[in-house]
Amino acid sequence: MMMLKLFWEKLLTTIWFVPTVIATGLVMSSIGFLNIDQHVDIRNWPWVNTLQIGTTGVRQVLAVTTSAIISLTGVVFSISVVALTLAANQFGSKILHNFLRDNKAKMVLGLLIGSFLYGLALLSFIDTHETTSQQMPIISVAINLLLTVLSIIGLIYFIHYISTTIQADQIISLIGEELSQAIDESLLDLDEQATTDSVKQRWDITVHAMPSVTMAASVSGYVEFVDIEQLKKIAENENQHIELFLRPGDFVIENLPILRVFQEGGINEDCYDRLRLCISLGRKRTPFSDIEFAIMQLLQIALRALSPGVNDSLTAIACIDWLSSSLGRMANREFPLEYLEDSNGVVRIKKRELRFADAVDTMFHPLRQNVTNNEMVMIHLLETISRILQVSRKPQYSEALYNHAKLIMESSKESFCSPSDTQEIIKRFEKCQIIYEHARAKLQADRKPVFESSARFKV
């Protein structure tokens, strides 16, 4: 199932798949409409006389519309290549994945190519001999004219769409929305997570002193996905316990250990092959089961904007805003368990999962290291941390955020000499500190009645 999802994801990021489907559908519809024209008598319909221009005239109309549509197709392809080139040069090559995954432009290409093939199919059908008894395919010709009008509308829409999509704010918001969607699909509500202490103890007791075998990677590449459900099924059937050393997005080199199998007795070669099939390696990172991928996309835009050659602080701030929105969403969610049980309640899988602290480190470390002598972005980073602290609902989340506020404060002492800049940064840091301490005090107040009641019970 996971393999099919990954295959479908790769199909959606190709330029040819969606246009091919639409073009094939229009070619098949041309055959259907031609059959309808042959079996349905429409000569008595009131609007038919408007298209009765003879077979020669119809062929000329089809030739003109078909040649015009293929010319429009060339224009659309040229605009697409120019837009991709400009986007890659300005924002980095990682964002090309979002352009390739967007189906709106590919639907316009499919409409143009399909209309062209539809016109060719009609041209090959119409006979211009004087002695022919062929009935004029009025319905098919009318559909061809409709497709021509839709192609012109599609070209206008495509130009408008490209001109708005290539804007920095539009690209950043698109990536931010995809990141938010990935968070909603991957993370859990706070009430859905159970404590991991007991599960961890059961895992440690189970695998303690149990013989194990380490499996190494046969090739190098990025981890595209890990089929956890299939691994759990194999572990249950073979009475194994599997510890994963990687997660989607990690880069694996050849012969690097990727998992460890705990099992009494030996492991056959067939089981090795099935375990390897559960881990897919590729040439590049994909957003499939990889939340960090979208974070890295926004980071790439922000870091390019902060480079001395570009020096676009406003674009970097827009990236930080969308990243803060995603971290705020994470701060109200629970991350998946690292230990998974089978249907009988036996702990079978120990895996590596992205934690909130990992996401915070991925975002703030590169930004802090690249905002030297840029007080505007550094101040905005502290304001961003204060906003996320206000919506954080777990103490470890707040701790991770506050640690980065302290790191930013330490970096500012070495970067800025202006007293006014230093004062502004101190003001933002103090705001983060007040929010953090208030959250800790609230947490202690919520726990205090429980401790007092337990104390009275002991007395």
Worksheet entry | Smallest separation among heavy atoms of F158 and V108, with atom names | CB-CG1, 4.1 Å
Item to complete: Identify the heavy atoms of I113 and A23 that sit nearest to each other, and give their distance.
Response: CG2-CB, 4.0 Å
Indicate yes or no for a side-chain donor-acceptor contact from [X] to the backbone of [Y] under 3.5 Å, with no hydrogens or angles considered.
X	Y	answer
S392	L389	no
H241	V347	yes
S186	A182	yes
N239	A235	no
D361	D358	no
R304	N89	yes
T165	I162	no
D250	L246	no
S325	D321	no

Measuring from atom [atom1] of [X] to atom [atom2] of [Y], what distance do you get when rounded to the nearest 0.5 angstrom?
X	Y	atom1	atom2	answer
L298	F91	CG	CZ	12.0 Å
W322	I172	CH2	CD1	10.0 Å
S212	E243	OG	CD	9.0 Å
L179	M296	CG	CE	12.5 Å
F335	Y397	CZ	OH	5.0 Å
S307	L303	OG	CG	9.0 Å

Between [X] and [Y], is any pair of side-chain heavy atoms under 4.5 Å apart?
X	Y	value
L146	T148	no
Y272	V213	yes
I234	C271	yes
I279	L244	yes
T85	V82	no
I79	V75	yes
P336	L187	yes
H160	I156	no

Discussion item. Given D342, which partner from the list R348, K233, K232 fulfils the salt bridge (Lys or Arg N to Asp or Glu O under 4.0 Å) test?
Written reply: R348
[atom1] of [X]: more than 12 outside heavy atoms within 6.0 angstrom?
X	atom1	result
M210	CE	yes
K406	NZ	yes
I166	CD1	yes
M215	CE	yes

Item to complete: Check step by step if side chain to side chain contact (heavy atoms under 4.5 Å, CB included) holds for L277 and D273.
Response: CA-CA 6 Å; L277 290 176; D273 295 335; 5.6 Å; no
Practice prompt. Could you check T362 against E292 for side chain to side chain donor-acceptor pair (under 3.5 Å), going step by step and ending with a plain yes or no?
Written response: CA-CA 8 Å; T362 301; E292 272 188 319; 2.8 Å; yes
Item to complete: Give the intermediate values and the outcome of side chain to side chain contact (heavy atoms under 4.5 Å, CB included) for residues H365 and H404.
Response: CA-CA 8 Å; H365 277 315; H404 278 277; 3.5 Å; yes
Worksheet item: Any chance the side chains of S313 and N374 put a donor and an acceptor closer than 3.5 Å?
Response: yes
Would you call [X] and [Y] a salt bridge, using N to O less than 4.0 angstrom?
X	Y	value
E383	R428	yes
R333	D184	yes
E238	R274	yes
E338	K200	no

Discussion item. For K351 and V226: C-alpha separation, side-chain torsions, deciding distance, then whether side chain to side chain contact (heavy atoms under 4.5 Å, CB included) applies.
Written reply: CA-CA 10 Å; K351 58 179 180 175; V226 180; over 6 Å; no
Practice prompt. Evaluate side chain to side chain donor-acceptor pair (under 3.5 Å) for S343 paired with E236, printing each intermediate quantity in order.
Written response: CA-CA 9 Å; S343 56; E236 184 176 3; 2.8 Å; yes
